[in-house]
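Read through the structure below, which is laid out as structure tokens, and then see the notes.
Below, all heavy atoms of this structure are taken into account, side chains as well, without hydrogens, waters or symmetry copies.
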Amino acid sequence: MAQKIKIFYFIPNLAQGGPERQLLELINHLPPQFEPVLCLYHDNIFFTREKPADQPRYILGYEKMGFKGYRKLVDILKKEKPTILHSFRDKSNFWARFAALRAGVPIIISSCRNRMIELRYVLFEKYFSKRQAAILTNSVGVKKELMWKARVSPQKIRVIYNYIDVNFFSPPTREQNETERARWNIKPDEIVFMLPGRVGIQKNQIFLLWALKRLLKKGELPKNFVLLLVGRKRDKVTSWIVDQMLKNDALQKHVRFLDAQKDMLSLYHASDVIIMPSLFEGLSNAALEGVCCGLPGIFSYAVNMDGIIENGKMGFEVPTLSLSGLAGAIKKMCALTPEEREEMGRLGREHVKARFAPTPTFAIEETVKIYQEFLEKNAHAL
């Protein structure tokens with residue numbers, strides 16, 4: 001029996017987030033000739049359904065990665081002798097590549113899945129990119145930023161869109177919609193907008209509430225409008241500002257805070273619209289999932305850079321940081337009939353399937369092709 005090709009995956013933790021979900025989907029769908037080894041540097045594990053029983057193999061035991069964790073990681077890499085190292089997220093990309101070069105890993109790949117890379121990592125990106133096989137990203141916007149900000153050669157960057165399970169994330173039946181709305185205490189006549197994502201500067205909840213306040217002041221926000229904010233309050237300053245904006249305010253009755261939720265499908269099925277006014281994004285898992293579930297979207301340009309929806313046809317794209325644009329899109333969406341919103345959502349789902357998931361495991365297949373490409377290029381040295 002041929003020896004399996006060992007791939008060492010490195011990520012900070014398995015807390016709720018897009019990169020973590022994508023990594024686990026990749027591990028779960030790898031062809032049998034590959035052996036995954038997952039390593040975290042601390043044991044915050046949110047995902048259970050997606051996590052294979054034998055993963056993670058290693059937890060370094062450090063809340064923050066540093067030289068102690070680096071030395072431990074080098075020792076593990078020397079012990080495991082992987083053919084490929086594949087890392088995710090800025091900080092772990094830095095330490096993983098540093099350790100992989102020291103341990104002599106033949107093929108080094110990193111995944112950069114979000115814009116606004118921190119300066120301390122940007123400074124090293126060009127150095128590492130010259131010494132690794134490829135940088136995988138999920139968005140044209142991230143690729144442009146890597147080229148412009150970090151001066152990475154475009155030949156080193158490969159864009160692979162997110163994996164999306166279009167059968168799992170599908171529109172609800174009428175009965176499912178009614179059941180899920182009842183589960184979340186949503187009345188039949190309420191128009192439910194959902195913003196999925198941790199409360200922080202990136203997801204721009206402050207700006208959204210500001211736009212809603214403007215509509216409320218003008219008497220243009222429907223009485224049956226409900227906004228669900230789904231995600232943990234990660235950024236203390238932003239969370240405090242959001243709380244203050246709602247304190248003793250008429251808008252408070254329209255906004256409901258939900259913490260991080262594992263059953264996102266239930267919330268997509270209970271909602272009428274997905275809204276994301278983010279300041280920056282890679283390719284948002286939540287945006288893809290929501291549209292795939294038949295929800296029309298209101299997205300900032302930063303969210304929609306890769307064309308998740310067509311403006312006016314499947315929802316509305318608004319300029320990033322345009323208060324009037326965001327308020328206007330909310331007003332227009334609320335003015336549509338349920339049937340018109342449903343038709344927008346139907347067209348959006350068809351578009352996402354065709355563009356991002358032409359085959360059930362398209363993103364996984366494309367990633368494996370890159371593994372195979374560099375295995376062939378390095379066959380003489382392996």
Side-chain angles (χ1 to χ4, degrees), residues 6-30 34-66 68-70 72-73 76-77 80 82 84-97 99-100 109-114 117-118 121 136-138 160 162-165 168-169 196-200 202-203 230-235 258-268 281-289 361 363-364 367-368:
K6 189 177 290 185
I7 306 178
F8 191 95
Y9 293 102
F10 189 61
I11 195 167
N13 54 57
L14 293 180
Q16 185 184 35
E20 292 81 9
R21 182 178 297 170
Q22 291 293 312
L23 170 56
L24 290 173
E25 294 289 1
L26 176 57
I27 290 175
N28 282 323
H29 290 88
L30 278 176
F34 295 102
E35 177 190 351
V37 176
L38 175 59
C39 179
L40 317 177
Y41 58 76
H42 66 89
D43 59 356
N44 186 348
I45 297 178
F46 179 91
F47 294 98
T48 53
R49 182 180 69 86
E50 298 93 336
K51 185 174 76 66
D54 65 339
Q55 301 290 352
R57 301 272 181 87
Y58 296 95
I59 298 176
L60 300 183
Y62 298 99
E63 189 67 28
K64 295 183 178 180
M65 193 66 180
K68 287 184 179 179
Y70 160 75
K72 194 170 181 179
L73 180 58
I76 292 172
L77 289 171
E80 288 289 342
I84 301 172
L85 176 138
H86 188 169
S87 61
F88 289 72
R89 304 195 75 97
D90 293 349
K91 191 170 186 177
S92 48
N93 283 340
F94 171 83
W95 290 106
R97 290 180 290 183
I109 295 172
S110 62
S111 280
C112 183
R113 307 181 65 82
N114 207 347
I117 305 169
E118 291 184 43
Y121 302 125
L136 308 188
T137 184
N138 61 350
I160 300 177
N162 291 359
Y163 170 80
I164 175 75
D165 187 339
F168 181 76
F169 292 105
R198 61 191 177 275
V199 178
Q202 177 187 356
K203 301 301 180 181
V230 185
R232 63 191 185 277
K233 292 185 177 181
R234 179 178 175 180
D235 184 330
L258 302 177
D259 206 342
Q261 299 294 326
K262 292 186 178 182
D263 192 357
M264 290 300 296
L265 183 65
S266 171
L267 284 161
Y268 295 137
E281 288 282 353
L283 180 63
S284 168
N285 283 303
L288 288 177
E289 292 167 0
T361 57
I364 312 299
T367 304
V368 170

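For the residue pair Tyr9 / Gln55, no side-chain donor-acceptor distance below 3.5 Å is found, with atom types taken as modelled. Between the side chains of Arg113 and Asn162, at least one donor N or O lies within less than 3.5 Å of an accepting N or O.
What you find for Val199 and Gly231 is that their closest heavy atoms are CG2-O, 4.4 Å. Closest of all the heavy-atom pairs between Ala96 and Phe10 is CB-CD2, 3.6 Å. Taking every heavy atom of both residues into account, Ser87 and Ser92 meet most closely at CB-O, 4.1 Å. Of all non-hydrogen atoms in Asp259 and Val230, the two that sit nearest each other are O-CG1, 3.9 Å. When all heavy atoms of Trp95 and Leu73 are compared, the closest pair comes out as O-CD2, 4.0 Å. The two residues Ile45 and Pro56 come nearest to each other via the heavy atoms CD1-CD, 4.2 Å.
The number of heavy atoms from other shown groups lying within 6.0 Å of NZ (Lys262) is above 12.
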Could you please spell out the steps behind the side-chain contact (heavy atoms from CB on, under 4.5 Å) verdict for Tyr163 and Thr367? CA-CA 10 Å; Tyr163 170 80; Thr367 304; over 6 Å; no
Applying side-chain contact (heavy atoms from CB on, under 4.5 Å) to Leu38 and Lys51, what does each step give before you reach the verdict? CA-CA 10 Å; Leu38 175 59; Lys51 185 174 76 66; 5.7 Å; no
Given the rule in the side-chain contact (heavy atoms from CB on, under 4.5 Å) test, do Lys72 and Tyr62 qualify, once you have shown the distances and angles that lead to the verdict? CA-CA 10 Å; Lys72 194 170 181 179; Tyr62 298 99; 4.1 Å; yes
Could you go step by step and tell me if Gln22 and Asn285 meet the side-chain hydrogen bond (donor to acceptor under 3.5 Å, both in side chains) rule? CA-CA 9 Å; Gln22 291 293 312; Asn285 283 303; 2.7 Å; yes
So Leu136 and His86, side-chain contact (heavy atoms from CB on, under 4.5 Å) or not? Walk me through it. CA-CA 10 Å; Leu136 308 188; His86 188 169; 3.7 Å; yes
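Tyr268 and Phe169 have perpendicular rings, their planes meeting at more than 60° on a 0 to 90° scale where under 30° would count as parallel.
Separation of atoms CD1 (Ile364) and CG (Leu26) is listed at 5.0 Å; rounding is to 0.5 Å. Residue Thr361 holds its OG1 atom at 11.0 Å from CG of Leu30, rounded to the nearest 0.5 Å. In this structure, CG on Asn13 lies 7.0 Å from OH on Tyr41, to the nearest 0.5 angstrom. Rounded to the nearest 0.5 angstrom, Arg21 CZ and Phe46 CZ are separated by 8.0 Å. Atom-to-atom distance recorded for Glu63:CD and Asp43:CG is 8.0 Å, nearest 0.5 angstrom. Rounded to the nearest 0.5 Å, atoms CG (Asp54) and CD (Glu35) are 8.5 Å apart.
Residues Asn44 and Leu14 are not in side-chain contact: their nearest non-hydrogen atoms beyond the backbone lie 4.5 Å or more apart. Counting heavy atoms from C-beta outward, Pro52 and Leu24 have side chains that approach closer than 4.5 Å. Side chains of Ile7 and Ile109 form no contact here, defined as non-hydrogen atoms less than 4.5 Å apart. Counting only heavy atoms from C-beta outward, the side chains of Arg234 and Gln202 never approach each other to under 4.5 Å. Between Leu267 and Pro196 there is no side-chain heavy-atom pair separated by less than 4.5 Å.
The ring pair (Phe, Tyr, Trp, His ring centres under 6.0 Å) search around Phe8 returns none, not counting sequence neighbours.
Using a distance-only test at 3.5 Å, with no hydrogens or angles considered, a donor-acceptor pair links the side chain of Asn93 to the main chain of Ser111. Remark: side-chain polar atoms of Lys203 are not paired, donor with acceptor, to backbone N or O of Gly197 under 3.5 angstrom. Judged by distance alone, with hydrogens and angles left aside, the side-chain atoms of Asn138 form a donor-acceptor pair with the main-chain N or O of Leu283 at under 3.5 Å. Within the 3.5 Å criterion, the main-chain N or O of Cys112 finds a donor-acceptor partner in the side chain of Thr137.
Identified under the salt bridge (charged side-chain N to carboxylate O under 4.0 Å, His left out) test for residues 85-95, with sequence neighbours left out: Glu20-Arg89.
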